[in-house]
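Heavy-atom basis, side chains included; hydrogens, waters and symmetry copies ignored. Letters go in sequence order (proteins before strands), and every chain restarts at 1.
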Amino acid sequence: MTKNKDVSSGITRRRILRTGAAAALTVVAAPYIRPSWAASAPIKIGMVIPFTGSTGAYGPEMEKAAKLAVKMINDNGGLLGGRMIELFIEDSESNPTAGAAATKKLLEVNDVNSIIGYWGSPIAMASKQLLIDAKKVMMVSCAANAVTEQEHGGLIWRFQAKSTQWGPVGAKILKQRGHKKISVLAQQNPFIVSMIDPFIAEVKKGGGTIVDNVSYLPEQPSYRAEVEKVFGAKPDAVFIPGLLTDFTSIMKEVYRGGYMSKVCSLSIAADANGRFLKNVGAEVAEGIDHYQPAPPLSSPNYKKFIKAMGEPEDTVFLFAGNAYDQVWTAALAIEKAGTDVSSEWTKKVIEISNPPGALVGDGLEALKMIRKGEAVAYVGAGADCDFDTMGDQLNRHFLHRVIKNGQNEFVQTLS
Amino acid sequence: MLSVQSLTKKFGGVAALAGCSLEIPEGQITAIIGPNGAGKSTLLNCIAGAVTPDGGHVRYLGTDVTGAKPYILARNRLVRTFQISRELSSLSLLENVLLARQNASDESFFDPILFPARVRRQQDADIDKAMKLLVRVGLEGLADATPNILSGGQKKLLELARALMLEPRMVLLDEPAAGVAPPMVQVLIGIIKELHQEGVTFVLVEHNMDMVSALSDQVCVMAEGKDLMSGSFEQVASDARVVEAYLGGVL
Amino acid sequence: MPGVVTVSDLRTGYGGDDIINGVSFDVHPGEILTIVGPNGSGKSTLIKSLAGIVPARQGTISLFGENVTALKTPQRIAKGLAYVPQEFNVFRNMTIAENLKLSTEFLGLRSHDGNQERTRVLEMFPDIADRQDLLAGNLSGGQRQMLAFACALISSPEVLLLDEPSAGLSPKLVIEIFEKVKAVNELGTTIVMVEQNVAASLPFSDRAIVLVNGAIRHESSAAELSARGDLHELFLKEA
Amino acid sequence: MGQLLINGLGTGLIVALPSIALSLSFGILKFPNFAIGAMLTTAAYIAWSLNIHAGLPLLAAGALCIILFPMVALLCDAAVFRPLRSRGPVTLLVASMGLSFVLDNVCRLIFGNDARNFDIALSRPYRVWGLRINYELLVSAGVSIGAMILVFLILKHTSIGRAMRAVADNPNLAAARGIDAKRVIAATWILAGVLIAASGVLIGMDRAIDPQLGWNYIIVCFAAAILGGLGNPAGAVFGALLLGVVGELATLVVATNYRSGVGFLVIALVLLSRPNGLFGTREIVK
Amino acid sequence: MIAYLTTIMTLVSIAVLIAFALNVQWGMCGMVNFGLAGFVALGAYTTALISLNGGGFFVSVFAAIIVCAVMGAIVSLISMRLSEDYLAVVTLGFGEIIRLVTLNEGWLTGGALGLPGIPRPMIDVIGTDHYEVFFLGICVVIVGIVFAGLEIATRGPFGRSLRAVRDDDLVASSLGKNVLLLRVKAFAVGGGITGIAGSLQAFQFSYIDPSQFTAIMTAYAFMAVIAGGQGSHRGLILGACSVMFLLEATRFLKDVVDVLDNSQIAAIRLILIGAGLILLLIFRPQGLLREYRLKAPKSSPSSADSTAT
């Protein structure tokens, strides 16, 4: 800011111009200049999740979990010596264009240093370039491989198993169950589409055969034709990766159709925190195998998390845990780096997540240890939270459950 | 100039035209009269290409134009007006008239962009001409208005001006006097007379006998989809069949 | 004598111009009044205005001495008027029976049971009486006209307005239609009709009005008008 | 093959009801009501909350919904369409798009995003000559056919029904005959509302209820109504059944994903030979 | 904030282009297009496929224009052959089929995964820091060019002919206008413009997938045209800005209101948009601006078509 000291020298036209230009420049540059009082300013984190549109059902639980984590941190003194976390949440409308606009708004208007959330690969795909250009950290809960595939300068972290990791697990489960003739009925979305080929490869490797491979669009009046085609051929089992709404419709159809083939699905559809069972009732759901990346179920911290979320004890969260971990990972990395400059703290993410540090499940505990200079490896509510250098999570385990008598029964943990 | 040979047209089983034949000589005003439902409007529509006849032929300037699209006829300078005036409601009067101008770039998206000067020059000339026509029908003061504020008579005048913009050789007038106040009818008659003297051929479908008697060189009477007879107005008016079919026995 | 219908200084039209420029006349009880005139003279607008379809801009219309200028069609119908539009005057996608039923339901029906009315009306129109399940759209022009009459008559109107009943009909049918009109009239219904076909309509009329350019040119008994030698002049000469 | 036919008829019967509603409103109100999807969603939610929150058995909840929803439809008409009545079909069409945003999101606001289900037990199918026929299919077929018969009885044999047909046939003449347009419009919305409500309940039974529910049916309903000739309710039924059956049978030849494409192909073929739809006399807006 | 506005302006530019296309087809020529999103998708995929295979900016945009224009012509021609009033269904079907193809023909379109990594034009030269502004510049220039082109072309005889066809095709035909040709041309021109919009969309996100091109895109275009005033290109820019303003400004709603949770806010946003549209229709029936009409010369005869940009 140029101050005009020499008032008496008179105001020339040139000076006015110069001052004007400088003022204009200041206005333009304002968002990029970090004022000195930033030390006590809040640490701003953005979140883009769906509240409307076809995947709107998945946003609220993530919001709740993220807010929970933020509240815990803030109630205990915040980060970097007293700075509070401020969370800004935007609706992606399940639409990439809207998601990108939301991302941009968070980056530029709210001046966040990172954006978390990102349920739905198309939205992450459409937004990621914005974050990379702005050199801000992006933490996603979506699975499509492409999100982390291109060079992103260590800015993108995936709190979810990759699609290609999901596929083979289903095949393993079906093989264990002794099913040979297998069909696939898959929703057409990027997350699911990319798990099909690995699934099929795994089935063939295990000596099974693929009877049918049918994909369906989620927005249609009925799934009768698809169900008829797939189940009509009487395969031993059908692998149905889908989402809650369409899977509900499909299973109603399967039951009403009187088909007997076994079904294996993803927990986000066949459990969805108990919503599926509530939707269709025990009889329809009987015997469905389902799996999802396993949260550390046995850890006391996970139990604490569930309790804090106000859900029944046996709830197996997926996306809520992801969101919770995203906030914690960011917080720990920021504390570790001693700054909220994204390009700096993103380098610390692996350090605070992966061994050799001490395994700590309680975020507050981890914060304390970091402040003391001890090495920690955070274990999250959604996963162990270990990352490779591309930002993908390592050693994801999958939790395999089966629905028996209206209850989810633990079968095994697979990897 | 225009000849119609045994034209037929059925609408849902009802014959609107049942073998109508007609000769329209160049440079004359031919009136077509007849009772309601005699097929006059259908005949006009068939000539102008708005309706495709089921049978028969229409020849214009020696060429068979049966079933030709209206725009082809218009480009050969045959233009028509409508019984219930059909003005283009969202175009200004000036634009309504300008539209009738036949230029090479009328339907080209790129011409005004690629050859702005030429198109501009052409348009300016057209505007001049259009304004002159609007002056002629006394509507120049309303050039920027849209036709919805016009009275029935003014709409007819607008249609006439629009037809003239086409520099027609032949004009088909469909009941130009219908719904027009008497003083306006006289204006219409005046303008049509002038144009006739300039060599334009007219076909006039009209119930207003005043107009018919004032204008027509030849009157053709239609009844039940056929041409009944033709001749001078006096001849026709005194023909027993015509009196029976149209004017009614009392005349 | 006060008219069944009294029109005084009526002005009306659709767009900018008035089409009816100050028309006054009476309709006498029990007569057939025929309004003739060239195309575009405003006959149709006049009768629509009587029926309440085109609102009056100035002047009054009275029915049985009561001012009905401000009333809409249904209210006028309830007061004993009926109107048969020109052409498109039946519901083509409905059967004859349905067309008739509709009339009993929505016209000023005096008795609750429409059957009686329908039977009564159909007796007058044997042509359509025995094909009641036929779609009106499949009827011939004359039959359609009969049906339209029948529909209008179901409410036992005291005044019947007819807009060019002979339009588009062959000469033979024209006579039949007018005979029907006469028959209806003889049962006590006052009739006002607009006609272009002077020759055919006058012999069936009691009185006639010649309308030219929205004004009354001549008013007399039908016979007197027929007898006038200058009828041609009367019609065709501009004001 | 026989199974496909049954499935197709099942889908078609459910779609037939909103298609009739669409066709009716097009014929009488003279505009294509894009909000039909959102109205389905709303009706389904109303029935759902009666079923779950008020604890009524589904049958009662559905019946109550059929009574309540027409009022919602009338309310929509009063708020949105009445002020725009004189403004031409396209304006009304765009207004109905706006309405559909509002309705969908009011549902979302009140009921949230989660998929909801009625409190009913599902059942295994009956087997007849090797064909599987399930209870819901019978119920929805019963309700659909019942509703259709009701609609046609109303249209054919009641005075208001005849008045509706008269307005659709020739509005000017109807006015000249003293038919009260306001009453006919109200009756149309009520009838459409009943059909939409019934179908909303059936759809809710068939699949799950979520705020996007109606979107899945818009294109199908339009297609069915157009195929049958817009403004012709009987045609709409036929159109819906034809699309349902063709959609199912098409899976024998093409991949299931292209099913909806096949629907359009059928429409194109039909329109090629019958430009006004199978039974239509009316033209659609440009 | 400024960079945010940059992005929003870029999105507005794309929305404006789509609305331009609809305005030519529907606003001026009276033919609805319910498959706009399909056309935009076609343009975007054409651009993406060509530039992913080494085509440059101009080549890929030009190809998108040509492909969409030709497709527009074909679609309109088919529908005219069917029965000219069934355009609504044909375009709806077209949009649906494009969606199905992009979803199902994975070998070409990447299916549901979409096409990532679309090279952004001149990214090497400009660098990432100011790229947003640069790209907005490109968009604005393109919108400017399209706007100028449309204004020039449609204020002259061509626009007049289109409006005549919209008002009354029989009259237009009787005055020597080839109605079929004009309709096909209007559809082709509109198609070409959607092609450009699709290209920009592909470059903006450097990633496209079928879920970007949904019916809501078409709905927004209709809103923009209706709000702006059917037939007026200027009004439409205002209209598109208003719709976008409504969409984005409502994002700030929750920064102010603290009572409701996010999913409720999200629902309220869309309710406001729908209600706003309805209110606009009721209280501003003619739209924000009126369509251009040629003025009669007062003294100088050629004040008629000034060509504003």
* To do: Please look at B/Ile113 and chain E and tell me whether the side chain, the backbone, both or neither of the residue comes under 4.5 angstrom of a heavy atom of that chain.
  => both
* Structure fact -> Checked B/Val79, B/Leu98, B/Leu73 vs chain E; the most non-hydrogen pairs under 4.5 Å come from B/Leu98
* Asked: Side chain, backbone, both or neither: which part of B/Ala48 has a non-hydrogen atom closer than 4.5 Å to chain E?
  -> neither
* To do: Sort out for me which of B/Met131, B/Arg101, B/Arg162, B/Met165 touches chain E most, counting heavy-atom pairs under 4.5 Å.
  => B/Arg162
* **Proximal component of B/Leu91, with respect to chain E [non-hydrogen, under 4.5 Å]** => both
* Under 4.5 Å heavy-atom distance to chain E, tell me which part of B/Thr146 shows up: side chain, backbone, both or neither. => side chain
* Structure fact -> Turns out that what part of B/Arg77 lies under 4.5 Å from chain E's heavy atoms comes down to neither
* Asked: Given the rule in the side-chain contact (heavy atoms from CB on, under 4.5 Å) test, do E/Arg166 and B/Ser90 qualify, once you have shown the distances and angles that lead to the verdict?
  -> CA-CA 9 Å; E/Arg166 174 192 67 193; B/Ser90 67; 2.6 Å; yes
* Residue, of E/Ala186, E/Ala164, E/Ala188, that accumulates the most heavy atom pairs under 4.5 Å with chain B -> E/Ala164
* **Contacting moiety of E/Val189, where chain B heavy atoms sit under 4.5 Å** => side chain
* Could you give me the CA-CA distance, side-chain angles and deciding distance for E/Gln25 and E/Asn33, then say whether side chain to side chain donor-acceptor pair (under 3.5 Å) is met? => CA-CA 7 Å; E/Gln25 297 172 338; E/Asn33 183 353; 2.9 Å; yes
* When rounded to the nearest 0.5 angstrom, what is the spacing between CG in B/Leu7 and CG in B/Asp54? -> 9.0 Å
* Of the listed residues (B/Ala50, B/Gly49, B/Ala100, B/Pro112), which shares the most heavy-atom pairs with chain E below a 4.5 Å separation? -> B/Pro112
* B/Arg75 bridged to B/Glu167 by N-O distance under 4.0 Å -> no
* Asked: Can you tell me how far CH2 of E/Trp26 sits from OG1 of E/Thr91, rounded to the nearest 0.5 angstrom?
  -> 12.5 Å
* Asked: So what's closer than 4.5 Å to chain E heavy atoms on B/Phe82: side chain, backbone, both or neither?
  -> side chain
* Taking 4.0 angstrom as the limit, do B/Glu175 and B/Arg80 come out as a salt bridge? -> no
* To do: Check each atom of E/Lys177 against the heavy atoms of chain B and say whether the ones under 4.5 Å are side chain, backbone, both or neither.
  => both
* Structure fact -> Ranked by heavy-atom pairs below 4.5 Å to chain B, first place among E/Gly159, E/Ser161, E/Ser173, E/Gly149 goes to E/Ser173
* Using a cut-off of under 4.5 Å for heavy-atom pairs, which of B/Leu94, B/Leu93, B/Leu78 has the most such pairs with chain E? -> B/Leu94
* Can we call the ring centroids of E/Phe34 and E/Phe222 under 6.0 Å apart? -> yes
* Centroid-to-centroid, B/His196 to B/Phe202, below 6.0 Å? -> no
* Could B/Arg118 and B/Asp111 be called an ion pair, given the rule that one side-chain N must be under 4.0 Å from one carboxylate O? -> yes
